[in-house]
Amino acid sequence: MVKSRIEYLRRELERHNYNYYVENRPEISDFEFDALMRELQDLEAAHPEFDDPNSPTHRVGSDLTTEFRTVKHRFPMLSLGNTYSLEELGDFIDRIEKEEGEVEYVCELKFDGTAISLSYRNGELERAVTRGDGEQGDDVTTNIRTIRSVPLRLQGDDWPSLFEIRGEVLMPYASFEKINREREAEGEQPFANPRNAAAGTLKQQASAVVARRGLDCTLYQVAGENLPFATHSESLEAARRWGFKISEHGRLCRSKGEIEAYIAEWDEKRKTLPFPTDGVVIKVNDFVVRRRLGFTSKAPKWAVAYKFKAEQALTRLNEITFQVGRTGAITPVANLEPVQLAGTTVKRATLHNAEQIALLDIREGDMVYVEKGGEIIPKITAVELKERPADSQPFSYIDRCPECGTPLVRYEGEAKHYCPNQAGCRVQRIGRILHFIRRKAMDIEGLGEETVELLYENGLLHDVGDLYDLKAHQLSPLPRLGEKSAENIIRSIRRSSEVPFQRLLFGLGIRFVGETTAKYLADHFRTLDRLMTASRDELLETEEVGEKIADSILEFFAEEENLRIIERLRAAELQFAAEEKQRASNALEGKSFVVSGKFSIARDELKRIIEAHGGRNVAAVSGSVDYLVAGEKMGPEKRKKAEKLGITMLSEEEFMAMVAGAEIPSALPSNEPQETNIITETAPIQGSLF
């Protein structure tokens, strides 16, 4: 029972990590995520026999993508511990003062954006790196340069020759509302909140797009070796002089009462700010005291984040309706009497699935509490039973698709119901077309949701294969189009033949295959034909592909209609193969490798070296693997399986010897100089490492 609960929590946390950091579409609030994490931490502490080095509790979390150069941080960017009550905050302060006596604190607003680390050398911006997994992140310097509040050259002359400053990239509410209006006009899904909009914008490949989106950047921590400051507040004053945007809302506090007063003040005043905040950060001011207090494996002991409670409102649930997604997933939606919440008017809230409705016993006509914690999509958290009408009846969940009437199904291990009628359900068919043409897939402009529905209703578009048979004269007579719009759409459809294979693969809409997984599959199999004929075991060898994804891929390519559409896309001469990568040598030709553990260089760089010399990266240990490159703290199960199968294990040095004499391509990203990653007693680091 305990083991199954631990495994369930790990799966859920990894799923929510993926939704938050990769897909930028959170399903739960920070409070709910932290509650799941705490439960898992408690269970693992009580049952060490179930420890797993790959558990979410062993890492900080990651926002890494495969689209940017990966750079190792000079100093780790750790996360902060969270607290949600004044009692817990009091315990944090008591622990510090028990060790150090009376201590001065700096209280700052906790900005709700995406963390960034800026490096300055000789007074000029050298590099901007996302937090990533805390040890390494994505180099987004080109995009950061477009943010006007980030100085490219510093003012004055008293700055250190080399230092870092950490902070948050934010999307102000005005920019957020503007970008969502634009996305809705283009038929794209709006961002869930400003935090995710900021993160998504920072990962744009075109810096011109970033420049148009109105990002801002507030800095809150200087980090470096032998900095000339005794306190945090002193370092921020210096940073402000150098030209950095430092929040004017920070305050020095010398007691628990002053800290609580600051929190109470800003819990109310934050509603008037032009950008999102979700709490207060409390930090010890004195750097010497910080060094004595030290760190846990994931967070500093001298700082904590107090998270504001989610804003709530009470309103009536008028009706529960149902939406059908492109994969057939059924999502219940609560239609509410309009109510003001977190600065916006809320009319709808997601109910997720039948289990949540049953758990809360939600009924039409109920007065319900709605939360919008952290500006995430509103959801119902409770029912006010005192307000329930006497004649109220339990809600009966639908058993047929609201669009096509097909009986719904529930797949093993899933909470949602699904309409299995992929071929005949109108909404699913339109949804798959919209997914195919979206910017991150085939990027076909001019075809928003209304236009696609118009073409579908007029018999011109039934699936994505029909796109490549369209003619301008068929489109121009339709409402809201005309000759110019029709010609632009046709040109954009033709240009999609140049879209890379990985985006075509994502655009096919295979269930569970997101952008990142499509990239891994494209890199691994190189052609669609190889992917279509791959066995389950071969699919499982791919990075990020587990049993659920492998089964979904097999099911997709077993469908006759999908195969028919693929042949039509082939006839349209779309990209069915990945571009050939330039090799440095054939030293590893025909050899497959699994890379596991920690190394002196980033693991992704080792994998790039393997590919650059003709080798193939495989995610899982199996009989088809030639070598296991074993680093520190490698998973014991991989080692055990490799030994059982007789696979040759190589250390990092032995692997490098294999490619000795073969030139490593200069295009491979290099890490920071190694000496900057070494922290010694003679070179104390002052400032935050998160």
Side-chain angles (χ1 to χ4, degrees), residues 187-188 325-328 422-449 451-456 458-472 474-475 486-534 539 542 545 549-550 552-580:
E188 295 185 6
R326 65 176 175 83
T327 63
Q422 293 187 8
C425 185
R426 172 185 175 277
V427 174
Q428 290 187 61
R429 296 185 73 94
I430 291 175
R432 288 197 294 276
I433 296 169
L434 290 170
H435 175 76
F436 184 82
I437 66 178
R438 63 186 291 202
R439 184 171 296 162
K440 293 182 179 180
M442 303 306 288
D443 192 19
I444 298 175
E445 298 176 349
L447 287 177
E449 186 171 350
T451 304
V452 168
E453 288 185 358
L454 183 65
L455 296 179
Y456 187 93
N458 281 270
L460 296 174
L461 199 57
H462 296 93
D463 57 53
V464 299
D466 290 335
L467 287 166
Y468 298 92
D469 292 334
L470 290 175
K471 302 292 187 294
Q474 295 174 301
L475 306 182
E487 289 170 359
N488 288 338
I489 290 170
I490 297 302
R491 270 197 298 271
S492 186
I493 291 172
R494 287 174 184 156
R495 279 199 305 270
S496 71
S497 64
E498 301 169 7
V499 167
F501 170 49
Q502 68 192 54
R503 284 169 52 190
L504 167 65
L505 188 53
F506 171 58
L508 290 178
I510 304 172
R511 197 160 166 244
F512 307 128
V513 175
E515 286 179 81
T516 302
T517 304
K519 168 74 166 57
Y520 283 128
L521 288 166
D523 285 346
H524 188 88
F525 290 100
R526 310 301 298 166
T527 72
L528 187 61
D529 290 331
R530 277 194 62 200
L531 175 61
M532 290 171 65
T533 57
L539 291 169
T542 311
V545 173
I549 295 177
S552 178
I553 294 170
L554 292 171
E555 289 169 9
F556 183 88
F557 291 122
E559 288 284 339
E560 286 296 327
E561 184 184 10
N562 293 335
L563 296 179
R564 180 184 60 79
I565 292 171
I566 286 169
E567 288 310 307
R568 295 183 68 192
L569 298 180
R570 190 193 303 275
E573 299 184 349
L574 302 192
Q575 299 296 318
F576 273 43
E579 290 184 10
E580 284 301 317

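- Electrostatic pairing of Lys440 and Asp443 does not count as a salt bridge here, judged by no charged N lying under 4.0 Å from a carboxylate O.
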Run the side chain to side chain contact (heavy atoms under 4.5 Å, CB included) test on Gln575 and Arg503 for me, step by step, so that the C-alpha distance in whole Å, both residues' side-chain angles and the decisive distance to 0.1 Å come before the verdict. CA-CA 9 Å; Gln575 299 296 318; Arg503 284 169 52 190; over 6 Å; no
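- Residues Asp463 and Phe436 form no side-chain contact, since every pair of their non-hydrogen atoms from C-beta on lies 4.5 Å or further apart.
- In this structure, Ile493 and Leu470 approach most closely via the heavy-atom pair CD1-CD1, 4.1 Å.
- Taking every heavy atom of both residues into account, Arg526 and Asp523 meet most closely at CD-O, 3.1 Å.
- Here the side chains of Leu563 and Met532 are in contact, with some heavy-atom distance below 4.5 Å.
- Look at Arg495 and Glu498 and you find no salt bridge, because none of the NZ, NE, NH1 or NH2 atoms lies under 4.0 Å from a carboxylate O.
- Between the Arg530 side chain and the Phe525 main chain, a donor and an acceptor come within less than 3.5 Å of each other.
- Among Arg564, Arg568, Arg432, the single residue meeting the salt bridge (Lys or Arg N to Asp or Glu O under 4.0 Å) criterion with Asp466 is Arg568.
- Counting heavy atoms from C-beta outward, Thr517 and Leu505 have side chains that stay 4.5 Å or more apart.
- Side-chain contact between Tyr468 and Ser497 is absent, with no heavy-atom pair separated by less than 4.5 Å.
- Between the side chain of Arg326 and the backbone N or O of His435 there is no donor-acceptor pair closer than 3.5 Å.
- Residues Met442 and Leu504 have side chains in contact (heavy-atom distance under 4.5 Å, counting atoms from C-beta outward).
- The closest side-chain heavy-atom distance from Leu447 to Leu467 is below 4.5 Å.
- Between Leu475 and Leu455 there is a side-chain heavy-atom pair separated by less than 4.5 Å.
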